[in-house]
Amino acid sequence: MMRAFTTALLAVIAAVTSAAPVEERDLVFDYIVVGSGAGGGPLASRLARANNTVLLIESGDDQGQNYNYSIPGFQASVTQDKQIAWDIFVNHYQDQSRAQRDPKYVPGKGILYPRAGTLGGCVSHNALIWITPHASDWDNIASITGDSSWSSSNMQQYLNKVYEWQPTGPTDPAILLKDNMLVQHLAGGAAVMGLGPDPLAAVTGLGQTLLVDPNNTPGRDSLEGFYQIPLIQRGGTRVSVRDFIVDTVNNGSPLTVRTNAHVTKINFDTTGATPKAIGVDFLDGPHLYRASPLSGAAGTPNTARARKEVIIAGGSYNTVQTLKLSGIGPQAELQSFGINVIKDAPGLGNNMQDRYEIPVNALHPNDFAILDGCTFDAKPHDKCFTQWQNNPSVLGLRGAYGSDGLAAAMAVNSDYADNSDIDLFIFGGPVNFTGYFPRWGDAAVASHKVFSWYTLKAHTRNTAGTVELRSTEPLDTPVINFNYFDTGTTANDADVKDVKALVQAIKMSREANQRYYNYPLAGTNWTEQRPGADVTSDADLEQFVKDQAWGHHACCTAKIGSTSDPSAVLDSEFRVIGVDGLRVVDASVFPRIPGVFIQSAIFMVSEKAADVILNG
Ligand SMILES: Cc1cc2nc3c(=O)[nH]c(=O)nc-3n(C[C@H](O)[C@H](O)[C@H](O)COP(=O)(O)OP(=O)(O)OC[C@H]3O[C@@H](n4cnc5c(N)ncnc54)[C@H](O)[C@@H]3O)c2cc1C
Ligand SMILES: *[C@@H]1O[C@H](CO)[C@@H](O)[C@H](O)[C@H]1NC(C)=O
Ligand SMILES: *[C@@H]1O[C@H](CO)[C@@H](O)[C@H](O)[C@H]1NC(C)=O
Ligand SMILES: *[C@@H]1O[C@H](CO)[C@@H](O)[C@H](O)[C@H]1NC(C)=O
Ligand SMILES: *[C@@H]1O[C@H](CO)[C@@H](O)[C@H](O)[C@H]1NC(C)=O
């Protein structure tokens with residue numbers, strides 16, 4: 001079925017790209033949406049399903065037939081697939097001597113931050129985890145803007161809309177429970193969260209908690225416990241934004257998807273009192289952006305016009321870059337590059353936020369049984385691939401590759417949280433993940449002997465990240481500074497509280513590992529690789545956190561705010577303040593980083609934007 005969709009999509013793309021050059025220069029649509037990821041994809045689909053002509057411009061191409069896309073177990077490999085990858089390098093610290101303390105640091109470049117240039121954006125290469133936002137995320141936007149349509153009760157309808165196209169489901173618990181070493185670790189996590197203490201009670205408790213859906217349990221925003229992790233999948237195959245776009249084309253809606261096209265500039269009509277966005281310039285050609293390992297070509301210039309609106313959805317880095325290159329952004333920065341200022345927007349590219357994540361990696365003497373025969377390359381010797389391929393659509397039969405490898409999580413409200421919301425999500429699986437560096441995906445699966453607990457710190461307090469132009473060349477990547485911990489937001493001990501919460505999480509991860517160190521069913525034990533058995537004092541653990549934390553939910557670079565806030569970039573209806581016909585709809589729009597995992601919040605924002613645009 002997926003093949004049929006793709007064939008239809010390719011036919012549409014071919015029809016557009018084979019049009020005569022004269023028509024090429026005269027592409028006119030009701031709406032132009034730039035970027036097909038979590039923000040742009042659902043929105044473009046909704047606008048087209050309501051019979052508007054829509055041009056969806058995507059720098060990458062469709063990789064829906066690529067097993068790296070469709071197999072959840074390949075979530076690490078897919079981020080280093082050259083057809084998909086955008087290897088962006090960022091600074092956690094501007095001081096390079098400090099940055100070098102991270103073993104993931106690449107001299108002269110910084111820290112790898114994987115992004116995807118492909119249909120579906122980062123949703124096509126992410127870890128598939130589906131945790132819906134907290135009510136406080138939305139109520140905060142309602143209170144900042146005075147727009148009650150952002151209240152959590154009103155936002156529920158957009159989650160319902162998302163579920164019209166987004167299937168979700170957890171890893172099949174039966175797969176997990178076949179592996180005694182895995183049970184040993186997960187039961188330890190269950191025990192730390194109060195189930196146990198003897199192994200049998202914890203295993204029984206584990207079985208029960210793995211049935212708890214963390215998105216649909218009453219009071220879940222502050223409900224501590226040990227849960228299954230829902231994924232964006234159907235029957236053990238990744239299904240998401242990319243498939244919604246393809247379905248939209250396939251059902252005859254007037255959606256034109258133009259892949260291999262990189263937008264360089266938004267064009268404005270400046271003859272009226274307020275500048276109005278009327279279209280975009282772009283370059284046709286594959287892998288043009290220099291973050292792609294396949295880049296090098298210059299592309300062919302082209303242009304498209306919008307009768308109604310232009311919507312930018314390039315993600316937190318690229319939306320900022322495209323707007324700045326088009327004359328919207330902090331006046332001094334634009335002028336320093338000789339860019340004609342269309343609208344001074346001092347907040348654009350500031351306020352960037354992310355999670356902090358850290359690992360506890362434990363090396364066993366033996367392999368995890370669940371990974372037997374998994375070579376993670378889809379070649380004939382890859383037994384796990386054969387099992388996945390031979391059992392289409394039946395989650396319970398697909399084996400390890402039907403899962404992203406991250407099975408269950410401790411949900412915790414830390415001692416340093418500002419309110420009762422869960423702010424530590426400590427998830428475990430047989431993956432050797434220590435954060436992002438070149439070829440991290442190979443390192444993550446090379447050994448079958450490593451179990452890791454990863455902590456994701458939600459509701460982080462650091463708002464000091466920035467995205468700035470490196471040059472006026474649209475194919476260059478921007479300069480990205482996160483200004484981690486004490487080099488960022490420090491008011492009210494913001495940095496100290498985030499670090500201490502992460503140290504608490506490391507201690508809980510260690511406690512989970514320690515619970516059943518000599519668990520009789522598994523009959524083996526392990527040594528901690530990271531932070532390492534010698535890293536025990538609070539001071540040393542804090543240093544480990546500061547040196548080695550990472551993130552992958554960058555957001556908030558074009559924030560929605562009150563019209564009286566000079567740092568607000570967007571009004572509560574996604575409109576770029578001071579410009580007509582231009583909106584931003586992606587991870588950039590949030591004033592504060594939402595929830596625990598961000599894609600669900602972006603999907604909801606995308607559905608809300610469609611409603612606002614279509615229904616006023
Ligand atoms: C490795 C990794 C794992 C993750 N795992 C999870 C997870 O498990 N759960 C979760 O909730 N979130 C996860 N995330 C985060 C989530 O996937 C992203 O936050 C989300 O996809 C961002 O949505 P977006 O629309 O802002 O940008 P994107 O999804 O990045 O989409 C932007 C799109 O715009 C295109 N584009 C950009 N500039 C241009 C241009 N000038 N012209 C044309 N096209 C352009 C890009 O090619 C891209 O396709 C993960 C992220 C990463 C990197
Ligand atoms: C879209 O247009 C088609 C053909 O004109 C029509 O049949 C259909 O009902 C319209 N759909 C919507 C949602 O307006
Ligand atoms: C998947 O990505 C890896 C890189 O991690 C690459 O070597 C491999 O060829 C890709 N697989 C497919 C089926 O394209
Ligand atoms: C785990 O990954 C790290 C790099 O992140 C690597 O140094 C280490 O050797 C790996 N461990 C195993 C057992 O493969
Ligand atoms: C666990 O490891 C220790 C030290 O390496 C060893 O002495 C002990 O026998 C191991 N226990 C089991 C059950 O493997």
Side-chain angles (χ1 to χ4, degrees), residues 34-43 56-60 63 65-69 71 74-86 88 103-104 113-131 229 231-232 241 258-259 261-265 280 282-283 288-289 291-292 312-319 321-322 325 359 361 363-364 376-379 404 406 432-437 439-450 452 474-475 529-530 551-555 585-589 595-603 605-606:
V34 179
S36 67
L43 172 62
L56 176 58
I57 309 187
E58 169 52 53
S59 187
Q63 292 290 324
Q65 301 308 299
N66 183 335
Y67 288 122
N68 280 329
Y69 167 82
I71 299 180
F74 285 5
Q75 54 110 350
S77 331
V78 64
T79 67
Q80 44 184 47
D81 188 322
K82 290 188 169 63
Q83 299 297 328
I84 295 174
W86 274 9
I88 305 266
K104 302 185 288 295
Y113 200 114
R115 304 294 302 183
T118 194
L119 196 66
C122 285
V123 181
S124 295
H125 80 158
N126 73 20
L128 297 97
I129 297 177
W130 181 256
I131 304 290
I229 304 180
L231 306 177
I232 49 167
V241 171
R258 195 176 184 103
T259 55
H262 193 89
V263 169
T264 52
K265 190 169 179 288
V280 296
F282 60 95
L283 296 169
L288 298 178
Y289 198 51
S292 165
I312 306 298
S316 295
Y317 304 150
N318 294 86
T319 284
Q321 183 179 17
T322 304
L325 290 173
N361 310 113
L363 178 64
H364 281 260
F376 293 92
D377 58 5
K379 299 221 163 99
D404 67 348
L406 304 166
N432 180 29
F433 182 37
T434 63
Y436 301 111
F437 58 93
R439 307 302 302 182
W440 76 273
D442 295 343
V445 299
S447 165
H448 292 184
K449 297 177 166 52
V450 181
S452 305
L475 299 179
Q529 301 288 288
R530 242 169 250 221
H552 59 287
H553 294 172
C555 65
V585 180
D586 61 18
S588 321
V589 310
V596 177
F597 281 83
I598 196 171
Q599 65 184 349
S600 55
I602 307 171
F603 293 2
V605 154
S606 186

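Both counts, for ligands and for their atoms, begin at 1 and track the order of listing. Residue numbers run from 1 in the order of the sequence given.
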Full working for side chain to side chain contact (heavy atoms under 4.5 Å, CB included) between W130 and F597:
CA-CA 7 Å; W130 181 256; F597 281 83; over 6 Å; no
Just going by heavy-atom distances, which of G117, G35, A116, G37 is nearest to atom 48 (C) of ligand 1?
A116
Check for me whether the distance between the ring centres of Y317 and W86 falls short of 6.0 Å.
no
With a cutoff of 4.0 Å, is A261 in contact with ligand 1, counting heavy atoms of the residue only?
yes
What residue and heavy atom of the protein are closest to atom 1 (C) of ligand 1, and at what distance?
Y436 OH, 3.4 Å
Answer with side chain, backbone, both or neither: which part of A313 has a heavy atom less than 4.0 angstrom from an atom of ligand 1?
backbone
contact_flag Y113 ligand 1 heavy-atom lt 4.0 Å
no
To check your reading of the model: name the closest protein heavy atom to atom 6 (C) of ligand 4, its residue, and the distance in Å.
N432 ND2, 4.2 Å
With a 4.5 Å limit on heavy-atom distance, are the side chains of L325 and K265 in contact?
no
If you measure every N/O of S59 against every N/O of ligand 1, is any gap under 3.5 Å?
yes
Should you measure from each heavy atom of L128, which atoms of ligand 1 turn up under 4.0 Å away?
8 (O)
Of the listed options I129, V241, T259, I57, closest to atom 9 (N) of ligand 1 (non-hydrogen atoms):
I129
When you compare the side chain of I88 with that of Y289, does any pair of heavy atoms fall below 4.5 Å?
yes
Which of these, E58, K265, Q75, has its nearest heavy atom closest to atom 33 (C) of ligand 1?
E58
Starting from the C-alpha separation in whole Å, work towards a yes-or-no answer on side chain to side chain contact (heavy atoms under 4.5 Å, CB included) for S124 and I84.
CA-CA 9 Å; S124 295; I84 295 174; 5.7 Å; no
Check this for me - ligand 3, Q80, N or O atoms closer than 3.5 angstrom, yes or no?
yes
Can you tell me if F437 has a non-hydrogen atom under 4.0 Å from ligand 4?
yes
Closest contact, heavy atoms only, P103 versus R530:
CG-NH1, 3.8 Å
Side-chain contact, heavy-atom cut-off 4.5 Å: Y69 with D81?
no
Quick one: look up the protein heavy atom nearest atom 5 (O) of ligand 4 and list residue, atom name and how far away it is.
T434 OG1, 2.7 Å
Min side-chain heavy-atom separation F433-L406 under 4.5 Å
no
re atom 13 (C) of ligand 3, the protein heavy-atom contact at minimum distance is N66 OD1, 3.8 Å
Starting from atom 52 (C) of ligand 1, which protein heavy atom do you reach first, and at what distance in Å?
H552 CD2, 3.7 Å
Structural part of R115 in contact with ligand 1, heavy atom criterion under 4.0 angstrom
side chain
Quick note on ligand 4: atoms under 4.0 Å from a heavy atom of L363 include exactly 13 (C)
For L231 and I129, run side chain to side chain contact (heavy atoms under 4.5 Å, CB included): C-alpha distance rounded to whole Å, both residues' side-chain angles, the deciding distance at 0.1 Å, then the answer.
CA-CA 5 Å; L231 306 177; I129 297 177; 4.2 Å; yes
Nearest-neighbour protein heavy atom for atom 14 (O) of ligand 4, which is reported as residue plus atom name and distance
S447 CB, 3.5 Å
Ligand-residue contact atoms, ligand 1 with V123, heavy atoms, under 4.0 Å
21 (O)
Nearest neighbour in protein (non-hydrogen) for atom 7 (O) of ligand 4
R530 NH2, 4.1 Å
Counting only heavy atoms, which portion of T322 has something under 4.0 Å from ligand 1: side chain, backbone, both, or neither?
side chain
Quick one, N126 and I232 - any side-chain contact, counting heavy atoms below 4.5 Å?
yes
Under 3.5 Å: N/O of N68 near N/O of ligand 3
yes
Closest approach of E58 and S36, non-hydrogen atoms and distance?
OE1-OG, 2.7 Å
With heavy atoms of G121 as the reference, note each atom of ligand 1 found under 4.0 Å away.
29 (O), 31 (O), 48 (C), 49 (O)
Would you mind finding which of I602, V263, I131 brings a heavy atom closest to atom 41 (N) of ligand 1?
V263
Please confirm whether Q321 comes under 4.0 Å of ligand 1, counting heavy atoms of the residue only.
no
Tell me the protein heavy atom at minimum distance from atom 23 (O) of ligand 1, and give that distance in Å.
A38 CB, 3.3 Å
Might you check, step by step, whether the distance between atom 9 (O) of ligand 4 and some protein heavy atom is under 4.0 Å?
no
Which residue owns the protein heavy atom closest to atom 26 (O) of ligand 1, what's the atom, and how far is it?
A587 N, 3.0 Å
Starting from atom 6 (C) of ligand 1, find the nearest protein heavy-atom neighbour and note its residue, name and distance.
N126 CB, 3.5 Å
For atom 38 (N) of ligand 1, closest protein heavy-atom neighbour
N318 CB, 3.3 Å
Between P474 and ligand 1, find which residue part has any heavy-atom pair under 4.0 Å and reply side chain, backbone, both or neither.
neither
Within-cut-off N or O pair, V34 and ligand 1, under 3.5 Å:
no
Which atom names give the shortest non-hydrogen contact between S452 and N432, and what distance separates them?
OG-CA, 4.1 Å
Which residue owns the protein heavy atom closest to atom 29 (O) of ligand 1, what's the atom, and how far is it?
C122 N, 2.9 Å
For L475 and L283: C-alpha separation, side-chain torsions, deciding distance, then whether side chain to side chain contact (heavy atoms under 4.5 Å, CB included) applies.
CA-CA 10 Å; L475 299 179; L283 296 169; 4.1 Å; yes
Of the listed options H553, H262, Q599, closest to atom 13 (C) of ligand 1 (non-hydrogen atoms)
H553
Taking C-beta and beyond as the side chain, do T79 and W440 meet within less than 4.5 Å on heavy atoms?
yes
Closest approach of any protein heavy atom to atom 25 (O) of ligand 1, naming residue and atom:
G39 N, 2.8 Å
N68-Q63 side chain donor-acceptor pair, cut-off 3.5 Å
no
Is there at least one pair of N or O atoms, one from S77 and one from ligand 3, spaced under 3.5 Å apart?
yes
Which atoms of ligand 1 have any heavy atom of P114 under 4.0 Å away?
53 (C)
Short side-chain to backbone donor-acceptor contact, S606 and L43, under 3.5 Å
yes
Short list, please: which atoms of ligand 1 are under 4.0 Å from a heavy atom of T118?
47 (O), 49 (O)
Is the shortest N/O to N/O distance between D586 and ligand 1 below 3.5 Å?
no
